[in-house]
Undergrad: 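Shown below is the structure under consideration.
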Number of protein chains: 2
Amino acid sequence: MRVEGKEYRSIWIHPNNKNVVRIINQAVLPFRFEIKDLTTPEDIIDAIKNMLVRGAPLIGAAGALGIYLAVVKLHPGNHAMATLRTVANNLKESRPTAVNLSFVIDQIMNKIPENTTLEELKELTYRLACERIEMELEFSRKIGEHGLDIIKEINKKKGGKPVNILTHCNAGWLACIDYGTATSPIYMAHDNGINVHVWVDETRPRNQGSKLTAWELGQHGVPYTIIADNAGGHLMQHGMVDLVIVGSDRTTRKGDVANKIGTYLKALAAHDNNIPFYVALPSSSFDFTITDGINEIPIEKRSSREITHIEGIKDDNIIEIEIVPGNAKAVNYGFDVTPAKYVTGIITERGICNADEVSITEMFSDIINK
Amino acid sequence: MRVEGKEYRSIWIHPNNKNVVRIINQAVLPFRFEIKDLTTPEDIIDAIKNMLVRGAPLIGAAGALGIYLAVVKLHPGNHAMATLRTVANNLKESRPTAVNLSFVIDQIMNKIPENTTLEELKELTYRLACERIEMELEFSRKIGEHGLDIIKEINKKKGGKPVNILTHCNAGWLACIDYGTATSPIYMAHDNGINVHVWVDETRPRNQGSKLTAWELGQHGVPYTIIADNAGGHLMQHGMVDLVIVGSDRTTRKGDVANKIGTYLKALAAHDNNIPFYVALPSSSFDFTITDGINEIPIEKRSSREITHIEGIKDDNIIEIEIVPGNAKAVNYGFDVTPAKYVTGIITERGICNADEVSITEMFSDIINK
């Protein structure tokens, strides 16, 4: 998507040097637009740990490129493979809760043959990383195409008037390679000349909505308005929201959706006001091994400092301030689960399915039965 | 309630000088505890305008004392009453949306007889202001007593285990003279030795929950935990909330409740999880002239700066930082309306009634028919 008028992805290979990975440093967004060169697997690990890159698809891609960079740095000899395995484990541990990261790294490591030259290994891991990136990209693009139909229909019903879409957190192109998941249908609609306007939940406590989603929509030229997370219900009561689209961190085979804390409240309000509530996700975000999201998905508690302190900008300096009484106690649950009954549909790279076991099983039977 | 171990009210007359009004400067809470002396009606107007005092009951009390201070400063002569009327209007305009402020001032002004000496006027306005304060205090105390029964019952059902109460915004003693509305039953329970724990919604965008409610609960010794506004639904899904109590800015005669933006979302989550959702309010917060809250209560849009910027403390300095992309668009609705069907009951100074026209009319027929 566009930044300062130019097309970008969230991660890419340096055009003049295959051994340099470039990323947008998301830790300083939206206050600075900074491109960072990563040349070692340790650089990738730091970038993941310090959230310079975040979002399951992007972390997966970074992990894959981390393996490639590790191979580039390998010294020939008996210990090469052992060294690579150590690096692979370190990469996986850079974000233990990111199932996708482990999955991608294991997948690549399992494809490495017993006897191979370093040169072959370099080529292989480069190709696998690029394939991973292209696959994620294709998934996002397909999600956009399928979701676009929903927006088109609402736009038609409204006689061409702007379609107001509410989203929570950042399931945007910054979290993916490009397009995003929840935002992909929005970018497609905008680029196809359909009038859309996005209500961006600021998404406390990390504010990924007001910091990242607002930034990326604004840079691409999509009209948006930041709102407090508290405001969505009021907007829905007054006909100011036509559609809700959110992403998902993990979705069960019966359609319960774990996503950023607060998603459930928006689903309830959408349900109460007869507003369609869609979840956009690549098939890799399904966890087909579980059914009951509320009882089976463990919810990560994050640092309470994310609630008690906040980062922002003053006089061009990025600073952190405390926003609660000294020694105040706070607790910070990262995600919640929206029961399937409040989900109108799930937008995947294969199409849109209902949030129920029959519909999901039908669409993904080949993966489930593998 | 207690601050630093001493009992305070949010507004009081200086013990050594009847002509000095003292307040807690709420604009610098929770970062500084500062008591301010107000000696002129202009001081009162500034305090209201700059939110050193806030909350309907407290603003009403401040307005009443503002009339008294105006009388103290009056010069004898033909223009005295005209001057007083001008000050009364200025006081009313210091917060135009606060219906209570206008009401209290009109009530006092209407009780002033045609011919009176300045000395009599001074005595009269002092007495009326004190009566107003005592009345608000009594209303809060009564709300606490009635609400206490609800907490006691839940505590009994739980075999004495702590009762977890979620509240939104600050309907605390800082907004009233003492006790508060939503917090009054909580303080009563705590002071009666019943184990309570309060989930304090931070309440974006002004953060009155994390800044004021957390501060006042902490100072009085009531256990609490600050949460993001997004977290309540998750807590309710997992049995971590026994009861929700919020305040109200305006409630219709059929029980629709206007309160701080986001209240509606918590009511939906409470409903979805079979958790009692109570609204605590003095009868003066009813607007018996309207029925349909969603269509009849205009919702104030406040400055978007409350969303794009935030105040906090760093190195003992109170500073404001920007927390969104430069030039980001934001919109800030101050309140929302919770439909009566999601309200379990309304706790008033007269007792608890159902949120429906029959029950409300029955309890307040004398006021409605006046």
Side-chain angles (χ1 to χ4, degrees), chain A residues 29-31 168 202-205 207 210-211 214-215 218 223-235 237-238 260-266 268-269 271-272 294 299 304 306-314 319-333 335-337, chain B residues 29-31 168 202-205 207 210-211 214-215 218 223-235 237-238 260-266 268-269 271-272 294 299 304 306-314 319-333 335-337:
Chain A
L29 281 180
F31 309 117
H168 191 69
E202 70 173 340
T203 319
R204 289 286 294 151
N207 293 46
S210 58
K211 286 188 168 168
W215 181 84
Y224 74 90
T225 308
I226 299 171
I227 49 173
D229 300 309
N230 285 323
H234 170 73
L235 297 176
Q237 284 178 323
H238 289 270
K260 183 62 51 182
I261 190 89
T263 302
Y264 165 52
L265 295 173
K266 292 306 138 62
L268 287 172
H271 184 78
D272 196 43
I294 293 175
I299 299 298
S304 63
E306 292 183 352
I307 290 179
T308 60
H309 292 67
I310 192 166
E311 206 180 69
I313 196 156
K314 188 181 176 70
I319 53 171
E320 192 191 57
I321 58 176
E322 186 172 7
I323 54 172
V324 300
N327 301 316
K329 206 186 143 200
V331 70
N332 180 12
Y333 291 93
F335 306 91
D336 65 19
V337 172
Chain B
L29 281 180
F31 309 117
H168 191 69
E202 71 173 340
T203 320
R204 290 284 295 150
N207 293 45
S210 57
K211 286 189 169 168
W215 181 83
Y224 73 90
T225 308
I226 299 170
I227 49 172
D229 300 308
N230 284 323
H234 170 72
L235 297 176
Q237 284 178 322
H238 290 269
K260 183 62 52 182
I261 191 89
T263 301
Y264 165 53
L265 296 173
K266 293 303 137 60
L268 287 173
H271 183 81
D272 196 43
I294 292 175
I299 299 298
S304 64
E306 292 183 353
I307 291 179
T308 60
H309 292 67
I310 193 167
E311 206 180 69
I313 195 155
K314 187 181 176 69
I319 52 172
E320 191 191 57
I321 59 175
E322 187 173 6
I323 54 171
V324 301
N327 301 316
K329 206 186 144 199
V331 70
N332 182 11
Y333 292 92
F335 306 91
D336 64 19
V337 172

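Scope of the values below: all heavy atoms of this structure, side chains included, with no hydrogens, waters or symmetry mates. Chain letters run A, B, ... following the sequence lines, proteins first and then strands; every chain starts at 1.
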Undergrad: With respect to chain B, which residue among A/H168, A/H271, A/E306, A/H309 yields the maximal number of heavy-atom pairs within a distance under 4.5 Å?
TA: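 Option with the top pair count is A/H168.
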
Undergrad: Quick one: do A/L265 and B/L268 satisfy side chain to side chain contact (heavy atoms under 4.5 Å, CB included)? Show the steps, please.
TA: CA-CA 8 Å; A/L265 295 173; B/L268 287 173; over 6 Å; no

Undergrad: Checking A/L29 against chain B: side chain, backbone, both or neither under 4.5 Å from a heavy atom?
TA: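 Interface part for A/L29: neither.
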
Undergrad: Does any part of the side chain of A/Y333, heavy atoms only, come nearer than 4.5 Å to the side chain of B/I227, both counted from C-beta?
TA: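 Side chain of B/I227 against side chain of A/Y333, heavy atoms only: no contact under 4.5 Å found.
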
Undergrad: Go through it in stages, so that I can follow the logic: the residues are B/V324 and A/W215, the test is side chain to side chain contact (heavy atoms under 4.5 Å, CB included), and I'd like the CA-CA distance, side-chain angles, deciding distance and then a yes or no.
TA: CA-CA 8 Å; B/V324 301; A/W215 181 84; over 6 Å; no

Undergrad: Considering only heavy atoms and a distance below 4.5 Å, find which of B/K314, B/K211, B/K266 pairs most often with chain A.
TA: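 Among the listed options, the one with the most contacts to chain A is B/K314.
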
Undergrad: Check whether B/E322 gets within reach of chain A through its side chain, its backbone, both or neither, counting any heavy atom under 4.5 Å.
TA: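 Both the backbone and the side chain of B/E322 come within 4.5 Å of chain A.
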
Undergrad: When only pairs under 4.5 Å are counted, which of B/K260, B/Q237, B/E202 shares the most heavy-atom pairs with chain A?
TA: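 Greatest number of close heavy-atom pairs with chain A: B/Q237.
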
Undergrad: Select one option (side chain, backbone, both, neither) describing which atoms of B/Y224 are under 4.5 Å from chain A's heavy atoms.
TA: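 It is both, since atoms from each part get that close.
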
Undergrad: Under 4.5 Å from any heavy atom of chain B, what part of A/N332 do you find: side chain, backbone, both or neither?
TA: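 Neither; nothing under 4.5 Å.
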
Undergrad: Quickly, which of A/N230, A/D229, A/D336 forms a side-chain hydrogen bond (donor to acceptor under 3.5 Å, both in side chains) with B/N230? Name it, please.
TA: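 Among the candidates, only A/D229 passes.
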
Undergrad: Looking only at heavy atoms, which two atoms of A/I321 and B/G312 are closest? And how far apart?
TA: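 Shortest heavy-atom separation between A/I321 and B/G312 comes out as CD1-N, 3.3 Å.
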
Undergrad: In terms of heavy-atom pairs under 4.5 Å, which option from A/T203, A/I261, A/T263, A/I307 contacts chain B the most?
TA: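 Ranked by contacts with chain B, first place is A/I261.
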
Undergrad: What do the steps show when you test B/F335 against A/H234 for side chain to side chain contact (heavy atoms under 4.5 Å, CB included), and what is the final call?
TA: CA-CA 8 Å; B/F335 306 91; A/H234 170 73; over 6 Å; no

Undergrad: Of all heavy-atom pairs between B/S304 and B/A330, which one has the smallest distance, and what is that distance?
TA: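 It is CB-O, 3.2 Å.
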
Undergrad: Do you know which of B/I299, B/T308, B/N207 has the most heavy-atom pairs under 4.5 Å to chain A?
TA: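 Most heavy-atom pairs within the cutoff with chain A belong to B/I299.
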
Undergrad: Among the options B/P30, B/G262, B/P325, B/A228, pick out the one with the most heavy-atom pairs lying under 4.5 Å from chain A.
TA: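 When all of B/P30, B/G262, B/P325, B/A228 are compared, B/P325 has the most.
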
